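Have a look at the structure below before the remarks.
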2 protein chains.
Amino acid sequence: MGGDVGPDVTLAASESFLRAHPQAELLLVGLEEVVSPAAMRMPRATAVVASEVVSMDDSVEIALRKKRDSSMRVAITQVRPDPQTKVAAADACVSAGNTGALMAVSRYVLKTLPGIDRPAIATTLPHSQGGFTTMLDLGANVDCLPEHILQFALMGSALVGGLFGKDNPTVGLLNIGEELIKGSETVKHAGELLRQCAEQGGINFYGNVEGNDIFKGTTDVVVCDGFVGNVALKTIEGLASMLAGVVKQEFTRGLYSKMAALVALPVLNSFKKRVDPRTYNGASLLGLRGLVFKSHGSADAYAFEQAMHRAYSAVSNGLLDRVRQRIDAGAHFLSTSTASEAVVPITKT
Amino acid sequence: MGGDVGPDVTLAASESFLRAHPQAELLLVGLEEVVSPAAMRMPRATAVVASEVVSMDDSVEIALRKKRDSSMRVAITQVRPDPQTKVAAADACVSAGNTGALMAVSRYVLKTLPGIDRPAIATTLPHSQGGFTTMLDLGANVDCLPEHILQFALMGSALVGGLFGKDNPTVGLLNIGEELIKGSETVKHAGELLRQCAEQGGINFYGNVEGNDIFKGTTDVVVCDGFVGNVALKTIEGLASMLAGVVKQEFTRGLYSKMAALVALPVLNSFKKRVDPRTYNGASLLGLRGLVFKSHGSADAYAFEQAMHRAYSAVSNGLLDRVRQRIDAGAHFLSTSTASEAVVPITKT
């Protein structure tokens, strides 16, 4: 039901997804009048009915406490193992709904994995070497402790394994310089912790990276505080959108430009395909006892389908087990006693 | 002497700058064999000789303590008023040297203005409405207090006046959402302080903005902690550089693409001109008792000249007085007693 457009996008994506994966089965969660007819016409699709919908403007509070039978909550509940049988109805949940609500409800319904204080949001961005940089956290967590950044590093390493089958991905710590002495107190301590964990084999730590390294592809994973990650991601979106607008303006300004656009169209399309943000749609909510993927709210059917493919890859590659194993490997550095001594922001009295 | 290329760039830019401004006079600061012949052949140029040069790799320590007769230090000294006459040899200093060294030496030689704890680095970025967003701080200060962010807001407002003659620019606080409750503790407190200062007329505060607002042109000024600003700026540079690379690859891949590039060249050039980062070269070091501008180290002559034009505009529009006035207007909220109560990061013991 989610996203700026709703079922027109998600159902069209679902049909295409089912065609692409002959083994896949879908649970379509939503209002009865929407999902029942849709499930009738799709092979391997089952309707799961919910009586209400979390809107894009609903507060976390409303999503969590008032709308207990929302399609979002019912969808997330599908990936929670049954207490008796230990089996869940679905392997992964994909939603284009309100991010804050999705995170809060996921956390409430699924709970975090042992060793994880705060779930994170991770996404993948294309880099200039033709691969992808996985970046987290993207806004779920502000005022992070160094231990949280280590959790992000462990979960991000697992995600690269889960999405791309790469087992020992490199991790960079987003900072304002390569030198160890650079950065805020929290980031410097996070760097120490990442180095210690790497010495024990928990992660493959590269060291500090800077903002431009995200697009250079210096490391497979880039970790940062959710505030910094959110600002960086939205800045990227803003610049990309401005540049796309300027290209369009320039190629439609007058007759010659329009003719040039026609001639250059195959090249422009090939360019567009390589940097199309729709291709990279689908952020992962990590650190929960179940797999949840978040599509951009403005996704069209093509973009939403990519988020579904991403979820499918993650399930096929055993992402949840990979996350558990990584956290076990770093468990020694994630103890609460360590965290409690660390950097704590003191608020004004 | 500074920058990746050195005098070949800065002297070519100087000649072009002098042609553009028939009233301007230049002091060319550097090694004698470089600046003396250059000053001979340029009108209204005077050589100021220094015996050594701060290299791009020199540490702040070396720039500050060892190279006391560096061209960087001598150039900055030109904008320091003589203790007796109160007159400085130059109105502004422009350098393409090492940023860390430039900031440290500027701070040592010039000192900060009363009411300013930490000088900031500000730059201007083009936005989709055809104007500019002025953003600070860009890396000089990490672990900022809310009071520092207010100082950035006051100085940034003065800079927009100094560069573009706009007297009541709007200020946005870079955050991860528009709502007051969003963000880190420091940012939330900074928001309160900015609102209080705006009520007294010290600034024109818009409220929270997000990363994409930088390119939407939502506000004239965007303020943030230097860590966040540095990451955002370098991310922008990284994405721009990757996109430029992909465009180039696509337009040179095979015969048809090369032909299309030829046809599209006027349009591509017009696009390039609008988003060319060289045009926006020249960051301001704010909060010092003198005007210092920092060119990108990789600047070519065209880019370095833009930084010089920027410095010229700032002097013509009385930037230094504008900064002093803004700080006076916000003085009540900048008192040290307020600052000492604020958010302080506690380091691990």
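Each chain gets a letter, A, B and so on, in the order the sequences are listed, and its residues count up from 1. Quick caveat: nothing in here was measured; it's all calculated off a predicted structure.
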- Message: With a 4.5 angstrom heavy-atom cut-off, is it the side chain or the backbone of Asp213(B) that approaches chain A, or both, or neither?
- Response: neither
- Note on the structure: Applying a strict 4.5 Å limit to non-hydrogen atoms, the region of Gln249(B) in contact with chain A is side chain
Heavy-atom closest contact ([X] atom, [Y] atom, distance):
X	Y	value
His127(B)	Met242(A)	C-SD, 3.5 Å
Phe271(B)	Leu243(A)	CE1-O, 3.8 Å
Asn175(B)	Phe227(A)	OD1-CE1, 3.4 Å
Ala260(A)	Ala264(B)	CB-CA, 4.0 Å
Val267(B)	Ser257(A)	CG2-OG, 3.7 Å
Asp143(B)	Ser184(A)	OD1-CB, 3.3 Å

Picking from [options], which has the most non-hydrogen pairs under 4.5 angstrom with chain A?
options	answer
Pro266(B), Gly238(B), Ala232(B), Gly211(B)	Gly211(B)
Asp225(B), Leu233(B), Val187(B)	Val187(B)
Ile214(B), Leu174(B), Leu125(B), Leu265(B)	Leu174(B)
Asn212(B), Ile236(B), Val247(B)	Asn212(B)

- One option among Val231(A), Leu268(A), Val142(A), Thr235(A) has the most heavy-atom pairs under 4.5 Å with chain B, and it is Thr235(A)
- Query: Is Tyr256(B) reaching over with its side chain to a backbone N or O of Val263(A), donor-acceptor style, under 3.5 angstrom?
  - Reply: yes
- Message: Within a 6.0 Å radius of atom CD on Glu178(A), are there more than 12 heavy atoms belonging to other residues, nucleotides or ligands?
- Response: no
Can you tell me how far apart [atom1] ([X]) and [atom2] ([Y]) are? Round to the nearest 0.5 Å.
X	Y	atom1	atom2	result
Lys216(B)	Lys234(A)	NZ	NZ	9.5 Å
Asn230(A)	Lys182(B)	CG	NZ	8.0 Å
Glu210(A)	Glu237(B)	CD	CD	9.5 Å

